Number of protein chains: 2
Amino acid sequence: MEYKEAKDRFIGTWGSLGTLWGINKAMAQIQALLFISTKPLCMEDIMEELKISRGNTSMNLRQLMDWGIVTKVLISGERKEFFSTEKDVQELARIIAKERSRREIKPVIKVLKEVSSIKDDGSEKTKELIKQTKALHNLTQDADAMINKLMDQKQNWLTKSVFKLLK
Amino acid sequence: MEYKEAKDRFIGTWGSLGTLWGINKAMAQIQALLFISTKPLCMEDIMEELKISRGNTSMNLRQLMDWGIVTKVLISGERKEFFSTEKDVQELARIIAKERSRREIKPVIKVLKEVSSIKDDGSEKTKELIKQTKALHNLTQDADAMINKLMDQKQNWLTKSVFKLLK
DNA sequence: ATAAACTTTCAGTAATTATTGAAAGTTTAA
DNA sequence: TTAAACTTTCAATAATTACTGAAAGTTTAT
């Protein structure tokens with residue numbers, strides 16, 4: 001497999017993976033492109049490489065910046081803006097986990113808490129609703145807390161010690 | 001908040017959460033409904049409760065069964081089929097994590113491995129592609145392995161000890 | 001102040017994904 | 001074996017989501 005094919009395969013795969021962690025294809029592809037680029041890219045570069053429109057590129061870059069994954073880079077002597085992405089995978093994972101937690105998990109936890117806190121009127125169905133949503137609330141909260149803590153660890157050595165524990 | 005409102009809120013929230021962990025709204029809603037039901041439900045029950053068509057109900061129940069989250073239940077004296085979902089959240093989480101790993105994460109890991117294994121032609125851009133996809137490959141593989149191991153633990157006490165480690 | 005170089009916005013359109021409903025298929029009881 | 005009770009399939013359609021391109025907006029150099 002040559003460079004070109006490998007690159008396209010990576011961008012394509014990352015793009016379709018994007019949809020599953022809640023961001024759209026173009027957004028994931030732009031990030032992928034920047035991730036393997038040796039230097040910051042401008043809008044023209046991205047449009048041309050991914051064959052997408054100016055508007056699409058602009059909007060998705062904006063979103064990536066909102067997530068905190070992509071930053072503007074000023075290149076002296078150049079008028080236009082350049083973009084680059086976080087290059088450290090550990091840090092990238094940390095940012096993504098944090099944002100997803102904030103945007104998606106936390107609101108769900110809030111609803112689960114509210115729903116599981118309704119007054120027990122004694123009926124079987126109310127008891128079941130309370131019991132099940134409470135269980136889900138605990139699980140979701142624990143999982144969320146754990147992921148956040150795990151991601152906050154700067155080094156990978158921790159992962160190793162968690163692994164050992166899980167033998 | 002009364003039972004009815006709480007139930008609707010739970011089903012609605014779970015449904016929209018569904019889209020983000022890769023299953024569609026109806027599928028997630030059916031699962032939510034079964035999850036808080038005190039007894040197995042038949043197709044009519046589900047259709048009526050969620051206001052969705054027979055075809056939709058049938059197809060999504062099928063998918064839920066493919067995932068291994070929902071099972072058919074035979075009720076003696078009844079001709080039609082009834083359905084119920086896994087009621088233990090721990091087990092539910094385990095099934096979902098396993099399936100997602102198998103369906104989505106594993107294929108990505110495979111591509112990352114292939115892409116990161118291309119021949120180094122000495123150029124800077126090839127070196128960068130290899131370096132970055134290799135880092136992503138390692139991270140994804142570690143995270144996947146860890147989640148699978150965590151989920152395999154039957155008890156919750158383990159989570160507590162992992163938490164301690166992460167203080 | 002002007003105009004060139006560049007970016008953003010957004011209404012319209014295209015692409016994708018979910019849903020319906022009716023016909024075809026299956027099972028069971030008599 | 002027939003027909004009623006039930007489930008599945010799938011082509012048509014609806015709903016949602018993504019993308020385009022051109023106009024409006026912004027910045028910078030002169």
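A quick note: this is a predicted structure, and the numbers were derived from the prediction, not measured. Just so it is clear: chains get the letters A, B, ... in the order the sequence lines come, proteins before strands, and each one is counted from 1.
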Shortest non-hydrogen contact between A:A26 and A:N60, atoms and distance: CB-OD1, 3.6 Å
Classify the nucleic acid contact of A:N24 as base, sugar-phosphate or nothing, counting any heavy atom under 4.0 Å across all strands shown. sugar-phosphate
Of the nucleotides C:dT20, D:dT8, C:dT9, which one has an atom closest to the side chain of A:R62? C:dT9
Length of the line joining B:I23:CD1 and C:dT19:P, which is rounded to integer Å: 11 Å
Roughly how many Å is it from CE in B:M65 to P in D:dT7, rounded to a whole number? 10 Å
Take atom CG of A:N60 and atom C1' of D:dA18, then tell me their distance rounded to the nearest Å. 9 Å
Side chain of B:K80 (C-beta onward), nearest among D:dC6, C:dT19, D:dC19: D:dC6
Between B:K39 and A:E124, does at least one N-O distance fall below 4.0 Å, as a salt bridge requires? no
For DNA chain D, whose closest nucleotide is more 5', that of B:M59 or that of B:E44? B:E44
To the nearest Å, how far apart are A:I46 CD1 and C:dT8 P? 11 Å
Provide the closest heavy-atom pair for A:F35 versus A:K87 in the form atom of the first, atom of the second, distance. O-NZ, 2.9 Å
Which of the following nucleotides, D:dT20, C:dT9, D:dT9, is nearest to the side chain of A:S58? C:dT9
Among C:dT19, D:dT20, C:dT7, which is the nearest nucleotide to the side chain of B:S53? C:dT19
Nearest-Å distance, CZ (B:R54) to P (C:dA22)? 12 Å
Both B:F82 and B:R79 contact DNA chain D. Which one's nearest nucleotide lies toward the 5' end? B:R79
With the threshold set at 4.0 Å, does a side-chain nitrogen-carboxylate oxygen contact exist between A:E86 and A:R94? no
Without decimals, in angstroms, what is the distance between A:K72 NZ and C:dC6 P? 14 Å
Quick one: A:N56 CG to C:dC10 C1', roughly how many Å, whole number? 13 Å
Salt-bridge contact A:E99-A:R102 (side-chain N to carboxylate O under 4.0 Å): yes
Measure NZ/A:K25 against P/C:dA14 and give the value in whole Å, please. 17 Å
